[in-house]
Amino acid sequence: HQGHFSWEKYLKETGSQPAPPHCFRQSCSPPSNDYKIGMKLEAQDPRNTTSTCIASVVGLTGARLRLRLDGSDNKNDFWRLVDSSEIQPIGTCEKNGGMLQPPLGFRLNASSWPMFLLKTLNGAEMAPAKVFHKEPPSPAQNNFEIGMKLEAVDRKNPHFICPATIGEVRGSEILVTFDGWRGAFDYWCRYDSRDIFPVGWCSLTGDNLQPPGTKVAIPKSPAPAAGIASGILRGPKTLLPGVPGRRRRKPGRKKGQLPKALAHQ
Ligand code: MLZ
């Protein structure tokens with residue numbers, strides 16, 4: 001469900017262009033999500049990427065799975081695309097001569113892992129091979145340009161996919177900036193990250209696209225000096241690029257102190 005956010009309107013309002021789909025390491029038609037809640041599979045432990053663990057599907061959102069490692073707690077869920085290379089059918093690890101590992105923070109004694117593994121797999125519904133999809137290839141080079149719009153996973157709140165803008169490009173890295181959040185959630189990643197998607201991705205997959213934040217960007221250069229023009233340029237609530245408003249501190253808030261809204265996000 002898309003809320004009331006419309007890319008079409010927003011792109012017009014901001015006078016911006018979406019990053020072309022060929023920039024992304026995503027398939028041009030999103031993979032179908034044929035998983036079911038409760039299915040088990042093998043997944044890399046995100047906190048210990050050299051170990052392969054058993055995970056359960058605890059949620060479905062667009063082309064993504066919400067996963068929880070068996071034997072872990074419910075505070076460390078993570079999200080993976082159905083065409084992620086970090087998930088595979090049960091049996092793959094053993095076939096390749098590996099051993100399934102307990103997750104980091106396994107809630108039982110390490111010595112009870114073999115029995116725990118037997119019990120967790122006994123009678124389990126295993127995700128069949130046909131629901132896994134091959135990971136798309138990486139584009140040959142970084143084709144992103146500053147200002148291009150995209151949809152990106154908020155890595156601090158990874159269940160959210162949000163409207164974003166390319167803030168900088170450096171070699172094979174890009175700065176993903178979240179619209180309307182004053183930089184608080186921005187991150188650098190490789191151009192072929194699986195966490196970024198072309199405009200329209202969520203509407204194709206049925207994932208939730210968050211609306212942009214309502215916070216105004218912090219001006220990089222000092223606000224224009226008081227004068228005839230400044231009254232026009234200092235529109236307080238505009239999200240239009242290039243005319244960020246610098247607002248006065250609220251009475252009671254000291255210089256250098258964060259506004260309340262920013263103190264706990
Ligand atoms: N905890 C935050 C969530 C913000 C998500 C921003 N995503 C770019 C809030 O207070 O709303």
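As the structure is a computational prediction, the values presented were derived from the model and not from experiment. Counting convention: from 1, in listed order, for ligands and their atoms alike. We number each residue from 1, following the sequence as shown.
Less than 4.0 angstrom separates some heavy atom of C162 from each of these atoms of ligand 1: 7 (N), 8 (C).
Here atom 5 (C) of ligand 1 lies nearest to D154 when heavy atoms of D154, V153, V176 are compared.
There is a side-chain donor-acceptor pair under 3.5 Å between D73 and N76. Neither side chain, T177 nor D186, offers a donor N or O lying under 3.5 Å from an acceptor on the other.
Salt bridge status for K40 with D70: present, with a side-chain N to carboxylate O gap under 4.0 Å.
Counting Ile, Leu, Val, Met, Phe, Trp and Tyr side chains that sit under 4.5 Å apart, directly or through other members, W188 shares a hydrophobic cluster with L175.
Considering both main-chain and side-chain atoms, N157 never comes within under 3.5 Å of ligand 1 through any nitrogen or oxygen pair.
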